[in-house]
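First up is the structure itself, then whatever we jot down about it.
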Amino acid sequence: MRNPYINILFSTVLLVYGEKDCCRNIGKSKAALLGAINTLQRTNRLLGETGSPISSIEVAFHARLKPYITLGSRQTVIFDQLITNIGQAYNKHTGHFTAPYDGIYFFACTFLRPYNATVLHLQMVKNISEISRGHAASGGGSQTGAMNAIVYLHKEDIVKVRHFPGFGPEIIHGDWSFFTGYRI
Ligand SMILES: *[C@@H]1O[C@H](CO)[C@@H](O)[C@H](O)[C@H]1NC(C)=O
Ligand SMILES: *[C@@H]1O[C@H](CO)[C@@H](O)[C@H](O)[C@H]1NC(C)=O
């Protein structure tokens with residue numbers, strides 16, 4: 001996109017350096033350069049005010065689990081309250097993050113086991129392959145667990161958090177459990 005201030009800047013520079021005796025014309029050059037700097041500063045301010053700070057290819061989400069859920073084996077944890085969803089790649093109804101572009105992505109999940117449940121095991125998967133696992137210990141009231149991963153995703157690959165395969169019913173604490181991800 002052409003910016004009118006950039007055009008003015010180029011015209012100013014051409015005016016100064018296009019002259020044959022520019023070297024002798026130091027005062028004029030200095031004034032033109034100061035003008036150019038001023039133009040750049042104005043352009044910078046203008047872009048700061050009107051240009052969107054979010055590029056159309058940026059992807060970032062952050063979601064909270066609201067209810068307490070009793071999870072069965074392999075059940076997807078659906079973090080249902082969106083806090084951030086730039087790029088709309090996370091679906092709060094399915095719990096799936098679907099990569100909109102090939103690239104390197106970071107994911108994190110922090111979770112809490114309620115005081116009145118025994119233990120909690122979770123797994124983060126890329127499609128069906130494990131990319132992280134986490135555990136909130138038993139005893140001592142509520143306990144936290146965490147998972148992190150950096151993975152290369154192809155467009156359409158899915159990343160989600162689920163209950164660990166083969167484990168019986170376990171409870172995840174509402175309000176205190178989050179799922180986060182972004183393209184790096
Ligand atoms: C555990 O505590 C939570 C919050 O007080 C409550 O909603 C849930 O029903 C309790 N679950 C059990 C199995 O007691
Ligand atoms: C992952 O699942 C998506 C959606 O089903 C599919 O398009 C993609 O090819 C799968 N990726 C791999 C590596 O199996």
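Order of appearance sets the numbers: ligands from 1, and atoms from 1 within every ligand. We use all heavy atoms of the structure for the numbers below, so side chains are in, but hydrogens, waters and symmetry mates are not. Owing to the predicted nature of the structure, the values given are computational and were not obtained by experimental measurement.
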(message) Less than 3.5 Å apart, any donor N or O on the side chain of His173 or Tyr68 sitting next to an acceptor on the other?
(response) yes
Practice problem: Check the side chains of His163 and Glu170 for a donor-acceptor pair under 3.5 angstrom, ignoring hydrogens and angles. | Solution: yes
Sidechain-backbone polar pair: Asn85 side chain, His62 backbone, donor-acceptor under 3.5 Å: no
Residue pairs passing the salt bridge (Lys or Arg N to Asp or Glu O under 4.0 Å) test with at least one member in residues 153-169, sequence neighbours excluded, are none
When Tyr90, Phe107, Phe179 are each screened for ring pair (Phe, Tyr, Trp, His ring centres under 6.0 Å) with Phe97, the one that passes is Phe107
Residues with a heavy atom under 4.0 Å from ligand 2, by chain and number, are Asn127, Glu156, Asp157
Exercise for the section: May I ask you to check whether over 12 heavy atoms, not counting those of Leu34, lie within 6.0 Å of atom CG? Expected result: yes
